[in-house]
Amino acid sequence: MKQAIEEFSPTHIVSMVSGGYDSAASDQVARELGVKIDLVMHGNTRCGIPQTSEFVRDYYGSLGEYVEADAGTAYEDYVLRKGFFGKGIAAHGFSYRILKATPFRKAVSKHIRQRKRDVRVMLLNGARKDESENRQKHLQTFRRDPACPNNIWVNLIHDWDQQSRDDYLRSRATPLNPVATQLCRSGECMCGTMQTAQERGEAAAIYPEWGNWLSELESEARRLHGFGWGEPFPKVDRRQKMLPLDFQPMCKDCVRST
């Protein structure tokens, strides 16, 4: 944290909270270190389990200034217009750009940058290098957003393993999202590009309202486009240009195996 502040001299510090255990630990560590958090931000993709955003809103919204990077109707609009995003890494990169990266940048611009020059925003994140072989090779402690260089992402628990994270959260009695406890993932994005049918079924069994919403959307998408959630895109889609695998900082649950 000290190194990142010395190198980038941020004007604002934002704690990014997904509703998962890693971002809960990152936020808790930052507060324990006495970091001045100007804003807590949560990405609401509107395709995940609503109870996750409700938990984040209720708990972190009570700690200080809070903002949601809300994708609005982007997911439903896209699915009804073009069909689901598809399956796999390229589809995931496209989904990430629409549902997370763009709303994040817009939220930072609206609530912090406000057309001012030389505003350097540090975004604290919970990515850990031990989550996958790819992350062990490529995940950096901190780096700039390639599309917005004055946004600097810092992985505050970069070197922690899962057991250390869980022990830490337990020792601090940090409030945890019930969805993450039940599903072993934050559940804030279930776009279908990287999740399995089993994961969908488990989530739908626990959260039937979400399951019914997705089934209805899928039924209409099949009627219009001929394929459903979690299925490969039937044709090559040139728009699905993949983001760098090591820079999808707030989609960590999905890239564990990449």
Side-chain angles (χ1 to χ4, degrees), residues 1-20 22-23 26-27 29-30 35-45 56 65-72 74 85 89-129 131-132 134-135 137-158 186 188-189 191 193-194 239-256 258:
M1 189 75 226
K2 185 182 295 184
Q3 183 183 355
I5 289 175
E6 288 176 353
E7 182 168 340
F8 296 110
S9 299
T11 57
H12 299 78
I13 297 179
V14 177
S15 179
M16 304 295 291
V17 180
S18 68
D22 287 330
S23 64
S26 174
D27 181 87
V29 167
V35 174
K36 182 183 178 297
I37 296 174
D38 298 289
L39 188 71
V40 173
M41 185 179 295
H42 170 65
N44 191 347
T45 63
V56 172
E65 190 170 355
Y66 169 82
V67 165
E68 287 188 11
D70 194 341
F85 288 106
I89 298 298
H92 178 267
F94 190 56
S95 171
Y96 182 89
R97 187 159 61 247
I98 291 175
L99 301 179
K100 291 191 175 182
T102 298
F104 288 154
R105 292 173 188 136
K106 286 183 177 179
V108 169
S109 295
K110 178 180 179 180
H111 296 280
I112 296 179
R113 190 156 281 121
Q114 300 175 340
R115 298 185 178 181
K116 299 174 183 176
R117 293 185 178 182
D118 201 29
V119 175
R120 298 174 301 283
V121 183
M122 180 172 290
L123 302 121
L124 307 181
N125 189 34
R128 296 180 294 107
K129 69 179 182 181
E131 291 175 307
S132 71
N134 179 71
R135 290 207 161 196
K137 294 178 180 178
H138 302 294
L139 183 67
Q140 300 174 21
T141 307
F142 46 79
R143 65 171 292 182
R144 297 179 184 272
D145 181 342
C148 191
N150 273 352
N151 288 350
I152 303 101
W153 290 79
V154 178
N155 300 320
L156 206 52
I157 58 171
H158 178 272
S186 68
E188 48 83 29
C189 183
C191 66
T193 61
M194 298 292 283
R239 292 162 303 171
Q240 293 188 355
K241 294 180 180 179
M242 183 173 56
L243 292 179
L245 290 182
D246 63 337
F247 202 77
Q248 295 178 26
M250 286 299 287
C251 225
K252 50 188 300 306
D253 284 340
C254 295
V255 296
R256 290 185 189 279
T258 61

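The shortest heavy-atom contact between Cys191 and Ser95 is SG-OG, 3.3 Å. For the residue pair Pro103 and Ile98, the shortest heavy atom distance occurs at CD-O, 3.4 Å. Across every non-hydrogen atom of Val40 and Asp27, the tightest pair is CG2-OD1, 4.3 Å. Nearest heavy atom pair, residue Ala69 against residue Phe104, reads CB-CD2, 3.4 Å. Here the shortest heavy-atom pairing between Ala107 and Val67 reads CB-CG1, 4.3 Å.
Counting only distance, with no hydrogens or angles, the side chain of Asp145 and the backbone of Ala147 share a donor-acceptor pair below 3.5 Å. With hydrogens and angles ignored, the 3.5 Å screen pairs a side-chain donor or acceptor of Arg113 with a backbone N or O of Val119. Side chain of Ser23 to main chain of Ser18: a donor-acceptor pair is present (N/O by atom type, distance under 3.5 Å, no hydrogens or angles).
Here Arg144 contributes atom CZ and Trp153 contributes atom CH2; the two are 15.0 Å apart, rounded to the nearest 0.5 Å. Put simply, CG on Asp118 and CG on Asn150 are 6.5 Å apart, with the number rounded to the nearest 0.5 Å. To the nearest 0.5 angstrom, Asn125 atom CG is 9.0 Å from Ser15 atom OG. Distance check: Ser26 OG to Ile157 CD1 gives 6.0 Å after rounding to the nearest 0.5 Å. For the atom pair Leu156 CG and Asp22 CG, the distance stands at 11.5 Å (nearest 0.5 Å). In this structure, CE in Met122 is found 5.5 Å from CD1 in Ile13, a value given to the nearest 0.5 Å.
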Criterion side-chain contact (heavy atoms from CB on, under 4.5 Å) on Met41 and Val17, from CA distance to verdict: CA-CA 6 Å; Met41 185 179 295; Val17 180; over 6 Å; no
- request: Check step by step if side-chain contact (heavy atoms from CB on, under 4.5 Å) holds for Met16 and Val14.
  value: CA-CA 6 Å; Met16 304 295 291; Val14 177; 3.8 Å; yes
- prompt: Between Arg143 and Ile152, does a side-chain contact (heavy atoms from CB on, under 4.5 Å) hold up when you go through it step by step?
  reply: CA-CA 6 Å; Arg143 65 171 292 182; Ile152 303 101; over 6 Å; no
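Residues forming a side-chain contact (heavy atoms from CB on, under 4.5 Å) with Glu65 (at least two apart in sequence, or on another chain): Leu39. Contacts of Thr45 classified as side-chain contact (heavy atoms from CB on, under 4.5 Å), with partners at least two apart in sequence or in another chain: Cys47, Leu99, Lys100, Glu188, Cys189.
Ring geometry for His42 versus Tyr66: interplanar angle under 30°, hence parallel rather than tilted (30 to 60°).
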Could you list the donor-acceptor pairs under 3.5 angstrom formed by side chains in residues 2-12, with sequence neighbours left out?
residue: Thr11; atom: OG1; partner: Arg120; partner atom: N; Å: 3.0
residue: Thr11; atom: OG1; partner: Arg120; partner atom: O; Å: 3.1

